[in-house]
4 protein chains.
Amino acid sequence: MQLGMVGLGRMGANIVRRLMNDGHECVVYDVNPDAVTALAGEGATGASSFADMASKLEAPRAIWLMIPAGLTGQVVDQVAEVLEPGDIIIDGGNSNYRDDVRRAAKLKPKGIHYVDAGTSGGVFGLERGYCLMVGGPNEAFDRIEPILKTIAPGKGDIERTPGRTGDFAPEELGYLHCGPSGAGHFVKMVHNGIEYGIMAALAEGMNILKNADAGVREAEHSAEIAPLEEPEFYQFTIDTPKVAELWRRGSVISSWLLDLTAAALEENPTLDGLAGRVSDSGEGRWTVKAAVDTGVPAPVLAAALFERFASRDEDHYANQLLSAMRLQFGGHHELPTGDVLEAGARKSDQAG
Amino acid sequence: MQLGMVGLGRMGANIVRRLMNDGHECVVYDVNPDAVTALAGEGATGASSFADMASKLEAPRAIWLMIPAGLTGQVVDQVAEVLEPGDIIIDGGNSNYRDDVRRAAKLKPKGIHYVDAGTSGGVFGLERGYCLMVGGPNEAFDRIEPILKTIAPGKGDIERTPGRTGDFAPEELGYLHCGPSGAGHFVKMVHNGIEYGIMAALAEGMNILKNADAGVREAEHSAEIAPLEEPEFYQFTIDTPKVAELWRRGSVISSWLLDLTAAALEENPTLDGLAGRVSDSGEGRWTVKAAVDTGVPAPVLAAALFERFASRDEDHYANQLLSAMRLQFGGHHELPTGDVLEAGARKSDQAG
Amino acid sequence: MQLGMVGLGRMGANIVRRLMNDGHECVVYDVNPDAVTALAGEGATGASSFADMASKLEAPRAIWLMIPAGLTGQVVDQVAEVLEPGDIIIDGGNSNYRDDVRRAAKLKPKGIHYVDAGTSGGVFGLERGYCLMVGGPNEAFDRIEPILKTIAPGKGDIERTPGRTGDFAPEELGYLHCGPSGAGHFVKMVHNGIEYGIMAALAEGMNILKNADAGVREAEHSAEIAPLEEPEFYQFTIDTPKVAELWRRGSVISSWLLDLTAAALEENPTLDGLAGRVSDSGEGRWTVKAAVDTGVPAPVLAAALFERFASRDEDHYANQLLSAMRLQFGGHHELPTGDVLEAGARKSDQAG
Amino acid sequence: MQLGMVGLGRMGANIVRRLMNDGHECVVYDVNPDAVTALAGEGATGASSFADMASKLEAPRAIWLMIPAGLTGQVVDQVAEVLEPGDIIIDGGNSNYRDDVRRAAKLKPKGIHYVDAGTSGGVFGLERGYCLMVGGPNEAFDRIEPILKTIAPGKGDIERTPGRTGDFAPEELGYLHCGPSGAGHFVKMVHNGIEYGIMAALAEGMNILKNADAGVREAEHSAEIAPLEEPEFYQFTIDTPKVAELWRRGSVISSWLLDLTAAALEENPTLDGLAGRVSDSGEGRWTVKAAVDTGVPAPVLAAALFERFASRDEDHYANQLLSAMRLQFGGHHELPTGDVLEAGARKSDQAG
C-alpha cells in the first residue's frame with residue numbers, strides 16, 4: 001500500500017527501506033532536501049512539501065511522522081491542514097501518550113484519524129524489524145495493518161511460546177493494537193520504564209562483582225567509613241566482561257540488554273572515557289508518574305530512575321545536608337580525643 | 001573422562017545423561033537405590049556407597065555433588081573421608097559462597113581440591129545446557145574442564161558478540177573459571193540477585209499496564225485514598241498477555257524471563273490460583289548483604305527483594321503502625337464534620 | 001484586624017477561636033447554619049452567604065477558606081464574585097500548588113490577591129498553633145501578617161537555634177512567606193512528603209525490632225522461604241511500646257511522630273483492630289512527581305509512598321506475575337524428588 | 001554506688017561527671033594518664049591499670065567501658081582477667097550486638113556478667129542525659145540500675161505520653177532493659193538505622209525545595225536530559241534555611257534532627273566546604289542486614305543507606321555500565337542527523 005513518510009533520519013529512512021523492500025510505495029519528505037533525494041534514488045517518490053506529499057498520495061491517505069518528539073505537535077497541525085476526512089496521521093516517534101490523547105481529540109472533528117505507534121528496536125531495526133505498540137481507532141488500525149506487518153520483525157526464528165498454535169497472532173509478528181489513541185505510546189512508555197529497571201539490575205549486579213575484591217583493597221579505606229567486617233569473604237577479582245559473556249549462555253538472565261552489556265565490555269573492557277553521567281529521557285519519568293497516579297507500587301522502576309539522577313550529581317544538595325547534620329552531632333569528622341589505647345578503627349556511630 | 005555423581009534428582013540425573021551422551025563415564029550414587037538403578041539402566045555405573053564410588057573411580061578422582069544446599073556440608077565431609085590427595089570434590093548445588101571458602105580451607109590440608117560450580121538453567125538444562133560459574137584452584141579446574149565443556153550449552157546458535165573472533169573462549173561456550181573456591185557461587189549469587197531485579201522490573205511494569213484503566217474504575221475508590229487526578233489519561237484496557245508476547249519481538253527488553261512471562265500468561269491469562277505470595281531463596285538475600293558489606297549501592301536489587309517479603313505480608317506490623325500514627329493525628333478515618341457544602345473528595349491530608 | 005472565615009469544620013472553627021482570643025474580629029460562614037450559630041455564640045459575626053460576608057467586612061477584605069481541597073476551586077470562584085480589587089482570598093486548605101498558580105493567574109485581572117497558606121498541626125493546632133507556609137504577593141502577605149502571627153505557634157518554649165539572636169524572625173514564630181502564589185502549598189507538599197518518609201523509617205525500624213525473635217519462631221517457616229541462617233542472633237523479644245517511649249528521651253530520633261507512635265502503642269499495644277491498609281493523600285504523591293519532574297533523586301520518599309500502595313494490595317498483580325514466572329522455571333513449588341538423603345532445608349534457588 | 005570507668009574520651013568523661021554530680025563514686029582509667037589526672041582533679045579516684053581499678057572497687061564490681069568499638073573485644077578480655085564471679089562488665093560503646101552475644105557466652109563460665117548499653121545523645125549528653133538501651137541478665141541490670149538512672153535524661157520537661165499515669169517507668173526516665181545480652185545494642189542498631197532514614201527523608205525533601213526553581217534554570221539543560229515539561233510550575237526560589245527553622249514550630253515533622261538541620265543551615269546557609277561525601281558507620285549496615293536476615297521489608301532504610309554509598313561515588317562502575325549500554329543502543333550521544341526541521345529538544349528515548 002501507499003505511505004507518506006515525514007522525517008528521513010536514521011529510523012525514518014530505514015522504515016522506508018523496509019517498506020519498499022516489501023513492495024510498498026512510499027512518498028517521502030524531510031526538511032533536508034538531500035535526505036529526500038537520497039531515498040528517491042532508492043525508489044521512493046520525493047515530496048517538496050506536506051501539500052505536495054498529500055497530492056501524491058491517493059485518499060484515504062496515511063502519513064507516518066518519524067520526527068523528534070519536541071516537534072510532533074506543530075507538524076501534526078501542519079500536516080492536518082493538507083489532509084481530508086478519512087486520512088490517517090501516524091506518530092511513530094516517542095510522544096508522551098497524553099499528547100496523543102489531546103491530538104486525537106483535536107483531529108476528531110476534522111474526521112482525521114490519529115494513530116500512535118510506539119517503536120522499539122533502535123539502530124538494529126532495519127535488520128531485526130521494529131516492535132510496534134499501536135494506539136488508535138479500529139478502522140485506522142485495520143487500514144494500516146499491512147504497513148505495520150512489514151515494519152515489524154515478523155515471527156523470525158524466536159521459539160514460539162508454548163501453548164500457542166495455528167496462525168500467528170499480530171503480537172507474535174511484532175505489532176499490536178493496544179487500544180485507542182495514546183494506548184500505543186502508553187505501552188511503549190512502560191516498556192522503557194522496564195528497560196531502565198533491567199539495565200539498573202544488571203549494572204548494580206556487575207558493580208557488586210567488581211567489588212568482590214573489597215577485602216584486598218581494604219587498606220585504602222578511611223576511618224570515617226565503616227571498615228569491611230569480614231575481608232576474608234571478599235577476596236575475588238572477577239573478570240566482569242567475561243561474566244557478562246558467560247551469562248548469555250543458558251543463564252536465566254540472558255537478554256538483549258545483557259548482549260549489549262557483553263558487547264560494550266568487549267569493546268571497552270575498562271569503560272575508559274565514560275564519566276558515568278547517565279542520561280534519562282521522558283519515558284522513564286512518565287512511567288513513574290503513571291505509577292504514582294494510579295497507586296501502583298513501582299519501587300524498582302523508581303529506584304532505577306533516581307540512580308540516573310544521582311549519577312548526574314542531582315543528589316548533591318541532599319548529601320551536603322546529610323554531612324552538615326552529622327557535623328552537628330559533633331565531632332564526626334574528627335576521631336574522639338583522649339580515648340583509651342590507640343584510636344582503633346571505629347566501627348560505629350559514636351554520637352548516633 | 002570419569003566423573004562420580006552424588007545426587008540423582010532431576011538436575012543430577014540430567015547432567016549424567018548429558019555427560020554420557022558426550023562419551024564420558026559416570027559412576028552414580030543416590031540415597032534412593034531406585035534412582036541409581038534407573039541411571040545404571042541408561043549406561044551409568046551404579047555405586048552403593050561413597051566408598052564404593054571411590055573404588056570405582058581411578059585416581060585422581062572427581063566427584064560432583066548435586067544435592068540440596070542444606071546437606072552439602074555433611075556430604076562433603078563424608079565424601080572427603082573416602083578420597084585421597086589430588087582428588088576433587090565439586091559442589092554443583094547452590095551453597096552460600098562463604099561455605100565454599102570454609103570448606104576449601106578445611107579440605108586443603110588433606111590435599112583434596114574443592115570446586116564450586118554455580119549452575120543456572122533450571123528445568124531446561126538437559127536440552128539447553130547449564131551455564132556454569134566455577135570457583136577453585138587452577139589445577140582442579142583444568143582437570144575437569146572436559147566435563148564442564150560438556151555440561152555447558154556450548155556456542156549454540158546465539159549470535160557472537162561483535163569484536164570476538166577466532167577460537168571460542170570458555171565463557172562463550174557457557175562455563176568460566178571465575179576465581180578461587182567460592183568465586184563460582186559468588187557469581188551465581190549475584191546472577192540470582194539480578195534475576196530478582198529483572199523479574200521485579202517486568203512485574204511492576206505489567207502492573208502499571210494492568211492499571212491503565214484506573215480512570216474507568218475510579219468510582220470504586222474510597223474517600224481515604226487520594227482520587228485519581230486526571231482520569232481522562234487512564235482509560236486504557238491493556239491486554240497484558242498480548243503485550244508480553246509482543247515485547248518478545250524486536251523490543252529492547254526481550255529476554256528469557258520475558259519469554260517465561262509470556263508463557264505463564266498464555267497458560268493462565270488471569271493468573272487464577274496464584275495468591276501472589278512470592279518465595280525467595282538465599283541468593284537474593286546474600287546479594288544484598290554482599291552489597292551492604294562492600295558499600296555498593298544496590299537499591300534496585302534490594303527493592304526487588306523487599307517486594308517479595310512484602311508480598312508475604314511481612315510488612316504487616318509496619319503498616320499497622322502507620323495506620324496507628326495516622327489515627328493519632330486525629331480524625332483520619334472520618335471525614336471532617338461541619339465543613340462547608342457537601343463533603344467532597346478530599347485530595348489531601350488535612351491533619352498533615 | 002478583620003477576617004472572613006469560610007468553612008467552620010474543626011480546623012476552621014479552631015482558627016477562628018485562636019484569632020478571637022487574640023483580639024481579631026471574625027465574620028464566619030459555613031454551609032451548615034448550626035456551625036455559624038455556634039461560633040456566633042462565641043463572639044464571631046455570622047454571615048448567611050458569601051455576599052453577606054463581603055458586606056460585613058471593610059475593604060480591603062481578607063477571606064480565609066478552610067474547606068476540603070476538592071471544593072476549593074468552585075468556592076474561590078463564588079467568593080471572587082462578591083469581592084473587589086484589592087481584596088484577598090486565602091486558601092488554608094490542602095490544594096495542589098498547581099491549582100494555586102492557576103487560580104492566582106485567573107484572579108489577577110480582577111485585582112484580587114490569592115494567598116495559599118499551607119497549614120500543619122492537625123488536631124493539636126488550637127493549643128499548639130499552626131505552622132503556616134504562605135505563598136502570594138508581598139502586598140497581600142504584609143496585609144494579613146497580623147492574622148498569620150496569631151494563628152502560628154509563636155516562639156513557644158522551643159529552644160532557639162544557636163546563632164540566631166535579636167528579634168524573632170517570622171519563621172521562628174511559625175509562619176513564613178515562601179514565595180509567590182503556590183509557594184506555600186509547594187512547601188507544605190514537601191513537608192508531607194518528608195512526613196511519609198519519617199513515618200516509614202519509624203515503622204520499618206519497629207518492624208525489625210518486632211522480628212528480633214525470628215530465631216525463636218523459626219520452626220514455623222516453610223520450605224519455600226529461605227530459612228533464617230543464624231537463628232542464634234535473633235533470640236530477642238523486644239517490647240516495642242516501651243522502646244518507642246524510651247527513644248523519646250534523649251535519643252537522636254526524638255520527634256513529634258515518635259511521640260505519636262509512643263502514644264498509639266500506649267493506647268493499643270497490640271495494634272488490635274488495625275488492618276494495616278494505609279491511606280495516602282495527594283501531597284505524598286505530588287512530592288514524588290515534583291522530584292521526578294525536576295530530576296531530584298527521592299528514593300526514600302518514593303519508597304515510603306509505594307509501601308502505602310502495597311499495604312493496600314496494589315502490588316497483587318505484580319506478585320502474582322512473580323509467582324507465575326517462578327512456576328515457569330519449573331518445580332519451584334515442589335521439593336525435588338529423588339535427591340540424596342532426606343530432602344533438607346533448601347537454602348537456595350535450585351532452578352535459578 | 002561505685003562504678004569503674006574505662007575510657008575517658010568525651011563521652012566517658014561526661015558520664016563520669018554526670019555520675020559524680022549525682023553522688024556516685026567513680027574509679028577511672030584511660031590509656032592517657034592526663035585524662036585520668038584531669039578527672040581525679042574533679043573528684044574521681046584514678047587507677048593506673050585494670051588491676052589497680054579492680055582493687056579499688058568493692059566486689060561485686062561494675063566496670064563500664066566507653067571505648068572505640070574496634071578495641072572492645074580485647075579490653076573485655078583484659079578486664080575480665082582481673083575480675084571475680086559476680087562482677088559486671090558494661091559495654092557502653094557501639095559494638096555489633098553479635099559481638100555482645102559472643103562475649104556474654106564467653107564470660108558466662110567465669111561467672112562474670114556482660115551488659116551492653118547502647119547509648120544515644122551525642123555531644124549533648126552531658127546536659128541532656130543519654131538514652132540507654134540495655135541488654136544483659138536481670139540480676140546485673142537490677143544491680144546497676146542506680147547508675148543507669150543517673151546517666152539517663154530522666155523525665156525532664158517532655159510531655160508525658162497520654163494514658164501513662166502513676167510512677168514513671170524506666171523507659172520514661174530514659175533507660176530500658178531490652179532483653180538478654182545483645183538486646184541493648186540491637187535496639188541501638190535499629191535506632192541508628194531509623195536515624196539514617198529520617199535524615200534521608202529530610203535531605204531529599206530539602207533538595208526538592210532547592211530545585212523548585214528548576215523552571216527558571218531550564219535553559220542550562222543539555223539535550224541528553226529530558227527537559228522540564230511544565231516549567232511554569234517550578235518558578236519558586238525557596239529559602240531552605242528559613243523553611244527548616246519554620247518547620248520546627250508546630251509542624252508534624254518537628255524533630256531533633258530537624259533542629260540540627262536548622263542549626264546547620266543557620267551556621268552555614270550555603271553549605272560551603274561540604275563535599276557531600278556522606279560517611280556511614282556500622283549500625284545502618286547492620287540494620288539492613290538484620291532486615292534481610294529476618295525477612296522484614298526495609299526499603300526506606302536500605303535506600304537511605306545506599307544513598308550514602310552513592311554519595312561517595314560507589315555507584316561509579318554501575319553508572320559507567322549504564323552509559324555503555326546506552327551507547328550500544330546507538331547514537332545516544334549524538335542527535336539524529338537528517339531529521340525533519342531543526343533538531344528540537346528530544347523528550348524521549350529514540351532508540352528505546
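Reminder, nothing fancy here: chain letters follow the sequence lines and each chain counts from 1.
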Selection from B:Ala169, B:Ala262, B:Ala290, B:Gly154 maximising heavy-atom pairs under 4.5 Å formed with chain A: B:Ala290
Among B:Glu267, B:Glu232, B:Glu230, which residue has the highest count of heavy-atom pairs closer than 4.5 Å to chain A? B:Glu230
Quick check for you: among A:Ala302, A:Gly163, A:Pro170, which has the greatest number of heavy-atom pairs under 4.5 Å with chain B? A:Gly163
Name the orientation class of the two ring planes belonging to B:His177 and B:Phe141 (parallel below 30°, tilted from 30 to 60°, perpendicular beyond 60°). parallel
Around atom NZ of B:Lys149, are there more than 12 heavy atoms of other residues, nucleotides or ligands at under 6.0 Å? no
Pick whichever of A:Ser251, A:Ala212, A:Gly182 has the most heavy-atom pairs under 4.5 Å with chain B. A:Ser251
Is A:Lys210 in contact with chain B via its backbone, its side chain, both, or neither, using a 4.5 Å heavy-atom distance? neither
Flag the pair B:Pro297 / A:Asn207 as yes when at least one side-chain heavy-atom distance between them is below 4.5 Å, and no otherwise. yes
Looking at B:Asp100 and B:Lys188, is any side-chain nitrogen of the basic one under 4.0 Å from a carboxylate oxygen of the acidic one? no
In terms of heavy-atom pairs under 4.5 Å, which option from A:Val190, A:Leu173, A:Ile253 contacts chain B the most? A:Ile253
Which of A:Tyr97, A:Tyr234, A:Tyr175 touches chain B most, by non-hydrogen pairs under 4.5 Å: A:Tyr234
Just by distance, do the side chain of A:Thr287 and the backbone of A:Met189 share a donor-acceptor pair under 3.5 Å? yes
d(A:Glu266 CD, A:Glu245 CD) to nearest 0.5 Å is 7.5 Å
Given B:Arg164, B:Met133, B:Arg128, the one with more heavy-atom pairs under 4.5 angstrom with chain A than any other is B:Arg164
Best-contacting candidate, A:Ala291, A:Pro299, A:Ala304, against chain B by heavy atom pairs under 4.5 angstrom: A:Pro299
Given a strict heavy-atom distance threshold of 4.5 Å, which part of A:Phe306 is in contact with chain B: side chain, backbone, both, or neither? neither
Start with the C-alpha distance between B:Leu301 and A:Ile208, add both sets of side-chain angles, then the distance that settles side-chain contact (heavy atoms from CB on, under 4.5 Å), and finish with yes or no. CA-CA 11 Å; B:Leu301 305 189; A:Ile208 296 171; 4.0 Å; yes
So for A:Phe236, is it side chain, backbone, both, or neither that comes closer than 4.5 Å to the heavy atoms of chain B? side chain
Under 4.5 Å from a heavy atom of chain B, the part of A:Val101 involved: side chain
For each of A:Gly174, A:Gly197, A:Gly295, tally heavy-atom pairs with chain B at distances under 4.5 Å, and name the one with the top tally. A:Gly174
Go through the atoms of A:Ser181 and report whether side chain, backbone, both or neither lie under 4.5 Å from a heavy atom of chain B. backbone
Is A:Leu260 in contact with chain B via its backbone, its side chain, both, or neither, using a 4.5 Å heavy-atom distance? neither
Among residues at least two apart in sequence or on other chains, which ones pass side chain to side chain contact (heavy atoms under 4.5 Å, CB included) with A:Asp259? A:Arg248, A:Trp256
